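Report on the following structure.
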Amino acid sequence: MCGIVAYVGSRRAYPILIKGLQRLEYRGYDSAGIALITDDNNSIVTYKQAGKVSDLLEFIGDNDTNGSIGIGHTRWATHGPPNQINSHPHSSSDGSFSLIHNGIIENYSSLKKVLEEKGYIFKSDTDSEVLMYLIECVYKTQLKESKDICGDLFYDSIRIALNEVVGAYAIVVIDKNNSEEFYAARKGSPLVIGIGNNEFFVASDASPIIEYTDKVIYLKDEEVARLNKNQEVEIKTIDNKKKSADIQKLEQSIESIEKGGYDHFMLKEIFEQPKSIIDTLRGRINPKTNDIVLGGVKDYESKISTADRLIIIACGTSWHAGLIGEYLIEDLARINVEVEYASEFRYKNPIVTNKDIVIAISQSGETADTLAALEIAKENGALTLGICNVVGSSITRTTSGGTYTHAGPEIGVASTKAFTTQVTVLLLFALRFSQLRKTVDRENYDFLINELNAVPERINQVLNLNDSIEKIALKFKDASNFLYLGRGVNFPIALEGALKLKEISYIHAEGYPAAEMKHGPIALIDEEMPIVVIATRKDNYEKVVSNIQEVKARGGRLIAIVTEGDTEVKSIADHCIEIPKCFREITPLLSIIPLQLLSYHIALMRGCNVDQPRNLAKSVTVE
Ligand code: AGP
């Protein structure tokens, strides 16, 4: 979703902003813009354009881009279409100030009405311009009423205006009369401040900052920072309480956000999965005793061991991981698990009490619906835990405890390594909870730990099949629909396989529990319809074989994911992809790999932008 980048210091701001916007492209956007305070210190020059950052660059051409303070933005349209006028930055009505904004101002229409009554004329359809004018209006009112104008007037105006706002925001505001500083504030949308030598960087995430500094501050909700290149950072809450800056060390490396020789981030991230799973497991399984230690969950183990149920809340791919978690935790730890779409949970008047444990799963840790659902769980007294990838993200700060997936930055919009590391954490949860509740005997427990440790090597074996999967992709690239079928722990894999295909190739795809096929989707099957079936051993294999027969009898074209050495399905299916033998609970971590690769190759063959699919955002910070 929208991306923010800003710079103040003594370097030229323009190249830093452009590079920053390029680093933020992965978040998903449909227009881009920058504003700079020019060196003569008296005006703000703004360039914005619908389309990609490359379109913005072309539009700017040889125009003036001097200045060592500026703001840049990639917009994912919410209020009004992605055109030049609606793009950010938005200037104040008199051109003195300029603002970039992420998030949604929910009460924007009532604020707009009041401002219109005061004579403000809006140029754009956006809620962000309303916020800019509101800040300007407060500033002008304060200026008129203030007998003794101090340097804090603009700072205070931003603060006071933000008190009027209902909704989410991350903003940076510049003032054309002050080229030494700008202001940044957040609520519900992430914002990171990078501290250099007499310079500051601000961004929606660390990717535009990483190459300049490793000293960062994660601004908290309802905090406003004044960033003056000649002074220490100054932070106040919107109700005017001074806060000290919590400066942290950024642990990411620049390599982790670059393609490293791969054609696309998605391919790199698919191939990184053996390593990312090693990172997820690192230090969490005692090599001598096989005991699982989850630092962020340890304090809540007595509550977990007596819990009647767990509720998992998540969206999209993370919800699919949650569904796998349900199978794993119910099977191994015998705790009742309910998996809910966060967007449904938050509005359904959910039954949740202080006896419940609510686990939020989110790669970004910023998904608006998941955050809102968590708040409801907290209000009702539930213990909240998170499974997140992004360190310091909003969900990790909202929950009482939890476990990081340590997948490293995931830049491709379609989740791959984030998903498999979420499933890995859920396996750790299921096994640890089974230890606490004594539901799995020692022999089976040790066997499962060995199976888990073997996953990275087994994924490598599946990745070796990339070339043959590409050949299969070539045969199916022109299909208009796909059906994905699986049972048990592989039913959510059918859903995830279908989601991967539709989000990056724009082919319509559905995932179904294999047995449900005859209750409806079977009507779709003809010679044109490709069906992907996960038919691995030990997971209701014979039942799945029957489902495959039903598909074949109706002329469907079959791609089957089978266990190595399989002969039965091989004799029926048109194409088989073999994955190594493994324990049933482990299969999803292997069976998803060929489906990720299949989607990747099909999307590429159809000329799609696999890393930045149309209309999608990496981090969905609006509901
Ligand atoms: C995954 O490929 C999607 N891009 C999307 O479904 C994603 O999983 C969903 O938006 C949830 O995001 P989160 O994990 O950051 O909360």
Side-chain angles (χ1 to χ4, degrees), residues 1 25-29 76 188-190 204-205 264-267 269-270 273 276 312-325 339-346 358-374 385-399 402-426 484 492-493 495-506 509 511 592 595-600 603 608-623:
M1 219 136 257
E25 285 193 297
Y26 80 97
R27 295 170 70 90
Y29 71 107
W76 189 84
S189 276
S204 311
D205 61 52
H264 300 95
F265 282 109
M266 184 181 177
L267 190 63
E269 287 154 8
I270 291 173
Q273 289 175 106
S276 56
I312 294 179
I313 48 173
C315 303
T317 286
S318 298
W319 183 77
H320 296 156
L323 286 180
I324 295 174
V339 187
E340 303 259 10
Y341 282 118
S343 53
E344 289 298 317
F345 181 85
R346 65 183 287 195
V358 174
I359 303 175
I361 307 178
S362 173
Q363 182 282 131
S364 62
E366 302 294 346
T367 302
D369 282 322
T370 312
L371 259 171
L374 259 182
L385 301 174
I387 298 177
C388 292
N389 191 34
V390 178
V391 176
S393 54
S394 302
I395 289 176
T396 65
R397 290 202 301 261
T398 305
T399 42
T403 301
Y404 282 116
T405 50
H406 295 311
E410 189 180 69
I411 310 290
V413 165
S415 223
T416 52
K417 63 175 183 172
F419 172 72
T420 45
T421 53
Q422 288 168 344
V423 174
T424 305
V425 167
L426 287 160
Y484 286 70
I493 292 298
L495 297 179
E496 176 60 10
L499 179 67
K500 283 291 85 80
L501 186 72
K502 64 187 143 196
E503 61 182 343
I504 61 168
S505 72
Y506 318 138
I592 189 58
L595 305 190
Q596 294 169 344
L597 287 167
L598 187 69
S599 306
Y600 169 80
C608 301
N609 183 342
V610 287
D611 283 339
Q612 293 162 35
R614 69 182 180 208
N615 305 336
L616 289 179
K618 184 68 189 166
S619 155
V620 183
T621 51
V622 297
E623 68 170 294

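Counting convention: from 1, in listed order, for ligands and their atoms alike. Basis for what follows: all heavy atoms, side chains included, without hydrogens, waters or symmetry-related copies. Given the structure is predicted, the values throughout are model-derived calculations rather than measurements.
- Side-chain contact between V339 and W319: present, with at least one pair of heavy atoms (C-beta onward) separated by less than 4.5 Å.
- When only interatomic distances are considered, the shortest N/O to N/O separation between K618 and ligand 1 does not fall below 3.5 Å.
- Contacts between T317 and ligand 1 below 4.0 angstrom, taking non-hydrogen atoms only, involve backbone and side chain alike.
- Ranking protein heavy atoms by distance to atom 15 (O) of ligand 1, first place goes to S364 OG, 2.6 Å.
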Legend entry - side chain to side chain contact (heavy atoms under 4.5 Å, CB included) evaluation trace for Q612 with Y29: CA-CA 9 Å; Q612 293 162 35; Y29 71 107; 4.2 Å; yes
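- No option in I324, I592, T405 other than I324 meets the side-chain contact (heavy atoms from CB on, under 4.5 Å) test with V423.
- Residue S318 approaches ligand 1 through these ligand atoms, each under 4.0 Å from one of its heavy atoms: 8 (O), 13 (P), 14 (O).
- Look at C315 and you'll find a heavy atom under 4.0 Å from some atom of ligand 1.
- Per-residue contacts place S415 under 4.0 angstrom from the following atoms of ligand 1 (heavy atoms of the residue considered): 1 (C), 2 (O).
- Legend: residues meeting side-chain hydrogen bond (donor to acceptor under 3.5 Å, both in side chains) with E366, ordered by chain and number and at least two apart, are S394.
- Of all the atoms in ligand 1, the ones that sit under 4.0 Å from a non-hydrogen atom of A414 are 2 (O).
- For ligand 1, the atoms closer than 4.0 angstrom to any heavy atom of S362 are 13 (P), 14 (O), 15 (O), 16 (O).
- Between L499 and ligand 1, a contact under 3.5 Å exists for no N or O pair.
- If you take CD on E410 and CE on M266, they are separated by 9.0 Å, rounding to the nearest 0.5 Å.
- Side chains of S318 and Q363: no donor on one and acceptor on the other come within 3.5 Å.
- When hydrogens are left out, the protein atom nearest atom 12 (O) of ligand 1 is T367 OG1, 3.5 Å; that is the closest non-hydrogen contact.
- Contact annotation: for E366 versus ligand 1, there are no heavy atoms closer than 4.0 Å.
- With rounding to the nearest 0.5 Å, the separation of CG in L426 from CD1 in I361 is 4.5 Å.
- The shortest N or O to N or O distance between T370 and ligand 1 is not under 3.5 Å.
- Every residue was checked against the ring-ring contact (aromatic ring centres under 6.0 Å, His included) condition with F419, not counting sequence neighbours, and none meets it.
- In this structure, L595 CG and E496 CD are separated by 9.0 Å, a value rounded to the nearest 0.5 Å.
- Nearest protein neighbour of atom 2 (O) of ligand 1, counting heavy atoms only, is E503 OE2, 2.4 Å.
- At the top of the distance list for atom 10 (O) of ligand 1, counting protein heavy atoms only, stands V620 CG2, 3.8 Å.
- Distance from atom 4 (N) of ligand 1 to its nearest protein heavy atom, with residue and atom name: V413 O, 3.0 Å.
- Here the CD1 atom belonging to I411 is positioned 7.5 Å from the CG atom belonging to D205, to the nearest 0.5 angstrom.
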